[in-house]
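See below for the structure under consideration.
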Amino acid sequence: MRAWTRLAPVVAAGLAAALLVPLMDAQADEAGPVTVVTSTFEDGTTGGWVPRGAEVLSHSTTVAHGGTGSLAIAGRTRTWEGPVLDVLGTFDKGVRYTISVWVRLATGSDSARLSVERRTGGTASYDQVVGNTALTAGAWVNLTGTYTLATDVEYLTVYVETASGFGDLHLDDVTISYVPDTPIQTDIPSVKDVVAEFPVGAAITPAALLGEHGKLLAKHFDSITPGNALKWDATEPAEGTFRFADADAMVTFAKAHGQAVRGHTLVWHNQTPAWVFLDANGNAMTATPENKALLLARLEAHIRGVAGHYGADIPVWDVVNEVIDESQSDGYRRSRWYEITGLDYIRTAFRVTREVLPNAKLFINDYNTNVPAKRDKLHALVALLKSEGVPVDGVGHQMHVNIDWPSTAETEAMITTFVPLGVEQQITEMDVSIYTGNGESFPAPPADRLLKVAYKYRDLFALYRRYATEITSVTVWGLADDDTWLDTFPVTRKDAPLLFDTRLQAKDAYWGVVDPSKIGTTTPAPTPTGGATAGACAVTYRVTGQWQGGFQGDVKITNTSAAALSSWTLGWNFTAGQQLSQLWGGTGSQSGTTVTVRNASWNGTLAPGASTGAGFLASWTGTNPAPSAFTLNGTACTSA
Ligand code: 9MR
């Protein structure tokens, strides 16, 4: 059944233009990269690079990465002073550029990062392309990342800056290139037409609206979920200051193409700015009645601001996201929200959203809802909320799964568990990883794994369609394999979890949904560039204080690999009966002897060479030996 409405088409001309694409072979020709910027500094000039502030740029032959010349940057007095290149006339919207620079310090040590500054209507935004990367004097370091411009701008530059010092820099051998988009296949069935039982959606980033990506999105999907653009950090970065540009563009696109929009998400423990949890004096909130009232007032204002901005344009919302922690006996995640308000943040969020949007469908969304322990804790919470009259309309199952897990039977049990509660159910974030463990990494997806992805899509979509009376939409978490969060989570490695490949061509996974008899008829995409393998790490573990029965400790983690991490999970075993009781600088849990620490929202990014840490309280009896081994994102670390 199609339980929620699509937005009316308002820009028919745009849609018609999108469909007037010449028919192409299913396997379009492979296009080579096109280089748009090359700065080798071999011609005695500064190659069009200019200073960002008062520092001085000059051509140099003191050192060079290739040839004999480089760019010298001297006289810096601020960390953000560095070389800048104007790319306004060079970059086109919707094109994914690969930017590569070589940089070194004249003396000392520091870290450097590569960014883009763009300005729209006089407002500047700074997009990081490569995060802080360790630099030393005497060695060239490469910074390579990708960037897609998704908005109209009047100013656009690429620049390099440092993390902490003002040392003289050298820059050399800059290249900026892109691989032209392969046209999408227009002669294959649209997923949304084949799967008629419920709307099929895709979660997107802003670049997915443009060029061939936009055509793919319009052709195959009934609905759009802004992947990040509606989260608190995007919509209300400072108290009372709302930003909607990215999500507004998605809503406009949806209207133009007759698509619905799923709102994701109003309350989450991640991607929530720090100011939300500061008390009236600017200190971290503690659990007091005053702070509870302040936090709930902020929550209410946020929901009124965001849900109110969109009104009927977004008729379904993930009101709260990931509030269950099945390792807690009561099942409630110990987020800052919970610590300060108990369950009242959930009650307030649903009540206020219902007030703002009386006709919207309000969902509670979570991952691993196929795991019986988690599923049952979520069931208990929804039952409690409904018994209290809290307006919960539906349960969202994220379904971030992999080729071997979960089984169809377990997934069916997930669905049937919630039927007696009389709630709608939606599959909200489906993707199927080619990996079954954190230690695996392939430079390109192996053919047998891609087939298994296809079989998983086949089996799960068949199940969803059998339960179409319960399931009112299915969304995949990404448009195509060129942009998936799984490329950097839980470790950096190339994944292929979606229906279309990195060139936007239909994969066997697509046929798994559309026509399983054709599984095995597609040619895998070529090896992607830029994939990094799982990294290495060093961990220092300290007991900083110990008393009868209890102790305090900390761990310092260093990413000793060449690849940046966008999130981390640290593991160790307490083998002598120690039990973790509290952790800061991340979220910690202990199951049996196994301790798992995940990064906090603010310390998940770890550039090569960068360190972070977490502190904890734990209990002990008998002896309290240090753990003998650690893993970071599944990879063994050296310990000290
Ligand atoms: O796709 C999102 C990714 O770009 C973000 O970096 C990430 C971290 O906060 O969040 C991703 O989306 C998550 C979603 O909001 C909630 N369920 C898990 C998704 C994947 O992490």
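Throughout, residue positions are numbered sequentially from 1 according to the sequence presented. Heavy atoms only: backbone and side chains are in, while hydrogens, waters and symmetry mates are out. Both counts, for ligands and for their atoms, begin at 1 and track the order of listing.
The atoms of ligand 1 that sit less than 4.0 Å from any heavy atom of Q398 are 16 (C), 17 (N), 18 (C). Per-residue contacts place E322 under 4.0 angstrom from the following atoms of ligand 1 (heavy atoms of the residue considered): 16 (C), 17 (N), 18 (C). When each atom of ligand 1 is checked for a heavy atom of K231 under 4.0 Å away, the hits are 2 (C), 10 (O), 11 (C), 12 (O), 13 (C), 14 (C), 15 (O). The atoms of ligand 1 that sit less than 4.0 Å from any heavy atom of N321 are 16 (C).
A salt bridge does not link K377 with D330: every distance from a Lys NZ or Arg NE/NH1/NH2 to an Asp or Glu carboxylate oxygen is 4.0 Å or more. With respect to D393 and R354, a salt bridge is recorded, a charged nitrogen being found less than 4.0 Å from a carboxylate O. With respect to D325 and R334, no salt bridge is recorded, no charged nitrogen being found less than 4.0 Å from a carboxylate O.
Summarising the local packing, CZ of R347 is surrounded by more than 12 heavy atoms from other residues, nucleotides or ligands at distances under 6.0 Å.
The side chain of W477, and not its backbone, has at least one atom closer than 4.0 Å to an atom of ligand 1 (non-hydrogen atoms only; side chain from C-beta on). Contacts of N228 with ligand 1, taken as heavy-atom pairs under 4.0 Å, involve the side chain alone. Neither the backbone nor the side chain of T265 has a heavy atom within less than 4.0 Å of ligand 1.
For F489, the heavy-atom gap to ligand 1 stays at 4.0 angstrom or more. For the ligand labelled ligand 1, residue W485 lies inside the 4.0 Å heavy-atom shell.
Shown here are the ring-ring contact (aromatic ring centres under 6.0 Å, His included) partners of F253, two or more places apart in sequence or in another chain: H257.
Relative to the six-membered ring of F277, R298 misses at least one condition, a distance below 6.0 Å or an angle of at most 45° to the axis. With a 6.0 Å cutoff to the six-membered ring centre and a 45° limit on the axis angle, K374 counts as a cation-pi contact of Y367.
Nearest heavy-atom pair across L362 and T353 is CD2-CG2, 3.6 Å.
Within the 4.5 Å cutoff, the side chain of E161 has heavy atoms near those of the R113 side chain.
Under the 4.0 Å distance rule, the nearest protein heavy atom to atom 6 (O) of ligand 1 falls outside the cut-off.
Q271 OE1, 2.4 Å is the protein heavy atom nearest to atom 9 (O) of ligand 1. Scanning the protein for heavy atoms near atom 18 (C) of ligand 1, the closest one is E429 OE1, 3.2 Å. Distance from atom 14 (C) of ligand 1 to its nearest protein heavy atom, with residue and atom name: H264 NE2, 3.4 Å.
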